[in-house]
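Written out below as structure tokens is the structure these notes cover.
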Amino acid sequence: MTHHIDRQTTLADQITLTGIGVHSGKPASITLVPADAGTGIVFQRTDVDGAAEMPANWKHVTQTSLQTVLGNPGENGMSTVEHLMAALSGMGVDNLIVEIDGPEMPIMDGSSSYFVDAIDQVGLKRLDRGRRYLKIKKAVRVDNGGAWCELRPYDGSHFDITIEFDTPLIGRQRFASDMNPDVFRTELSRARTFGNVKDVEQLWKMGFALGSSLENSVAISDDKVLNPEGTRWPDEFARHKALDAVGDLSLAGLPILGLYRSYKGGHKMNHSILVKLFEDKDAYEIVEAPAFREAGHAETVGLAVAAYGPDVS
């Protein structure tokens with residue numbers, strides 16, 4: 001059996017970040033509050049009296065066009081959760097309450113870097129309960145025209161993301177790597193969302209991208225990057241799609257032990273693969289690392305099939 005992180009985690013202290021919503025253009029503030037083992041990631045609207053908590057779970061995804069939306073943002077839901085979820089998953093944060101003062105997450109610089117920096121600033125607290133994983137036992141696949149995605153068994157966590165755009169500036173790009181906090185921090189967290197300026201007017205009419213700017217997006221026009229600083233990597237576009245995939249797949253409710261591969265994917269396909277996975281109970285199992293009784297015990301433990309599991313199916 002494979003060896004992985006042993007105990008569940010939360011943040012060592014709470015964090016508040018402020019910005020604007022990329023689609024609404026309105027101010028947005030979140031506070032990341034440490035939570036007990038077994039809580040998972042939970043969103044809590046503070047601007048709506050009596051709003052129920054919204055677990056970060058694939059079952060609550062209501063929209064995947066240009067963003068990932070949980071629930072009804074007009075009630076207790078929120079939109080554009082993928083960049084924060086990517087940071088929490090990529091950095092190994094298992095339990096957290098995300099207090100948010102509106103219906104949309106702050107976009108920050110269009111990547112996960114601000115969230116990662118905040119997590120690094122306060123650090124993680126290890127909790128006295130074994131970490132649970134979702135282990136892929138057999139391949140599942142979703143096809144959509146020429147696009148596809150799949151989950152396969154793998155000894156660890158691996159993302160293999162290929163994109164292809166009909167513009168020489170992007171063309172065909174691929175990002176593939178095992179995923180852990182060091183890789184996420186250095187190779188993915190700073191990859192920004194991107195878009196073509198020719199699409200902006202139509203997006204405005206649809207109520208999207210009202211807060212988009214060169215401060216939080218990579219803007220493309222006539223095969224040129226309009227941002228004065230250019231791109232952060234030549235393949236920043238593929239890296240951002242991989243970042244999105246990390247965030248979207250974290251809505252499985254547990255860290256995934258498996259390989260995720262996609263071609264021309266996006267939020268919709270990332271969600272579809274989770275739906276397909278949980279339709280087949282033979283395709284996965286819950287495994288758990290036993291918590292340590294006290295400090296000083298061995299730091300690496302084997303995983304065992306859990307006698308119970310979270311509400312992930």
Side-chain angles (χ1 to χ4, degrees), residues 10-35 39-56 63 66-91 93 95-125 184-185 188-195 203-204 207-219 227-229 232 240 243-244 246-248 250-251:
T10 188
L11 294 183
D13 200 356
Q14 73 176 35
I15 306 166
T16 297
L17 300 101
T18 59
I20 64 167
V22 68
H23 293 302
S24 68
K26 296 179 179 179
S29 177
I30 61 171
T31 299
L32 310 181
V33 182
T39 302
I41 308 300
V42 176
F43 288 87
Q44 176 68 66
R45 289 279 294 274
T46 60
D47 62 317
V48 179
D49 290 340
E53 293 182 341
M54 176 66 68
Q63 182 181 321
L66 301 176
Q67 60 185 322
T68 297
V69 179
L70 297 176
N72 180 358
E75 297 175 358
N76 67 325
M78 65 291 305
S79 61
T80 326
V81 301
E82 59 270 17
H83 298 169
L84 173 63
M85 291 304 302
L88 299 178
S89 176
M91 298 302 291
V93 181
N95 303 287
L96 199 68
I97 297 173
V98 182
E99 296 180 346
I100 178 171
D101 68 351
E104 186 178 12
M105 296 292 298
I107 191 62
M108 312 312 286
D109 72 340
S111 74
S112 294
S113 63
Y114 279 74
F115 304 127
V116 168
D117 289 346
I119 292 168
D120 279 339
Q121 182 177 348
V122 300
L124 299 186
K125 178 181 179 181
F184 186 83
R185 181 189 293 108
L188 285 189
S189 71
R190 297 178 61 250
R192 297 163 293 175
T193 191
F194 59 93
L203 291 174
W204 286 343
F208 293 117
L210 300 178
S212 181
S213 72
L214 296 182
E215 300 298 319
N216 55 42
S217 305
V218 177
N227 305 62
E229 73 279 10
R232 293 173 175 173
H240 184 77
L243 182 155
D244 280 345
V246 172
D248 288 339
S250 74
L251 297 177

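At a threshold of 4.0 Å, the pair Arg192-Glu229 counts as salt-bridged, since one of the basic side-chain nitrogens sits closer than that to a carboxylate oxygen. A salt bridge does not link Lys125 to Asp13: none of the charged nitrogens lies less than 4.0 Å from a carboxylate oxygen.
When all heavy atoms of Ala56 and Phe43 are compared, the closest pair comes out as CB-CE1, 3.9 Å. Of all the heavy atoms in Leu243 and Ala86, the pair that sits closest is O-CB, 3.3 Å. Residues Met78 and Asn76 share a closest heavy-atom pair of CE-O, 3.4 Å. Across all their heavy atoms, Val246 and Ser89 have their closest contact at CG1-OG, 3.9 Å. The heavy-atom pair separating Tyr114 from Leu17 by the smallest distance is O-CD2, 3.8 Å.
Contact check for Thr10 versus Val33: no side-chain heavy atoms found under the 4.5 Å cut-off. Between Val93 and Leu124, some side-chain heavy-atom pair lies under the 4.5 Å cut-off. Residues His240 and His83 meet the side-chain proximity criterion, which asks for heavy atoms closer than 4.5 Å. At least one side-chain heavy atom of Val116 sits under 4.5 Å from a side-chain heavy atom of Met91. The shortest side-chain heavy-atom distance between Phe115 and Ile30 falls under the 4.5 Å cut-off. Side chains of Thr193 and Val218 form no contact here, defined as non-hydrogen atoms less than 4.5 Å apart. Between Leu84 and Val98 there is a side-chain heavy-atom pair separated by less than 4.5 Å.
Using a distance-only test at 3.5 Å, with no hydrogens or angles considered, a donor-acceptor pair links the side chain of Asn95 to the main chain of Thr39. When atom types are taken as modelled, the side chain of Ser250 and the backbone of Gly247 share a donor-acceptor pair closer than 3.5 angstrom. No side-chain donor-acceptor contact under 3.5 Å links Glu82 to the backbone of Asp244. Side chain of Gln63 to backbone of Ser79: no donor-acceptor contact under 3.5 angstrom is found. For the pair Arg45 (side chain) and Glu53 (backbone), a donor-acceptor distance under 3.5 Å is absent. Remark: the backbone N or O of Ala219 is paired with a side-chain donor or acceptor of Asn227 at under 3.5 angstrom.
By the neighbour-count criterion of 12 heavy atoms within 6.0 Å, atom CZ of Phe194 is densely surrounded, having more than that number from other residues, nucleotides or ligands. Heavy-atom contacts from other residues, nucleotides or ligands closer than 6.0 Å to CD of Gln14 number more than 12.
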| message | What verdict does the side-chain contact (heavy atoms from CB on, under 4.5 Å) test give for Leu11 and Ile119, after you've listed the backbone C-alpha separation in whole Å, the side-chain angles of each residue and the deciding distance to 0.1 Å? | response | CA-CA 7 Å; Leu11 294 183; Ile119 292 168; 4.1 Å; yes
| message | Run the side-chain contact (heavy atoms from CB on, under 4.5 Å) test on Ile41 and Ile97 for me, step by step, so that the C-alpha distance in whole Å, both residues' side-chain angles and the decisive distance to 0.1 Å come before the verdict. | response | CA-CA 6 Å; Ile41 308 300; Ile97 297 173; over 6 Å; no
| request: Verify side-chain contact (heavy atoms from CB on, under 4.5 Å) between Thr16 and Ser29, making sure each step is shown before the conclusion. | output: CA-CA 7 Å; Thr16 297; Ser29 177; 3.8 Å; yes
| side-chain contact (heavy atoms from CB on, under 4.5 Å) between Ile20 and Ile107, intermediate numbers included | CA-CA 6 Å; Ile20 64 167; Ile107 191 62; 4.3 Å; yes
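A donor and an acceptor atom, one from each side chain of Ser112 and Ser189, are nowhere located under 3.5 Å apart.
Note that the CE atom of Met105 and the CE atom of Met85 stand 9.5 Å from one another [nearest 0.5 Å]. Going from atom OG1 of Thr31 over to atom CD1 of Ile100 covers 10.0 Å, rounded to the nearest 0.5 Å.
Within the structure, the side-chain hydrogen bond (donor to acceptor under 3.5 Å, both in side chains) test picks out the following pairs touching residues 96-110 (sequence neighbours left out): Ser24-Glu104, Thr80-Glu104, Asp109-Ser111, Asp109-Ser113, Asp109-Arg232.
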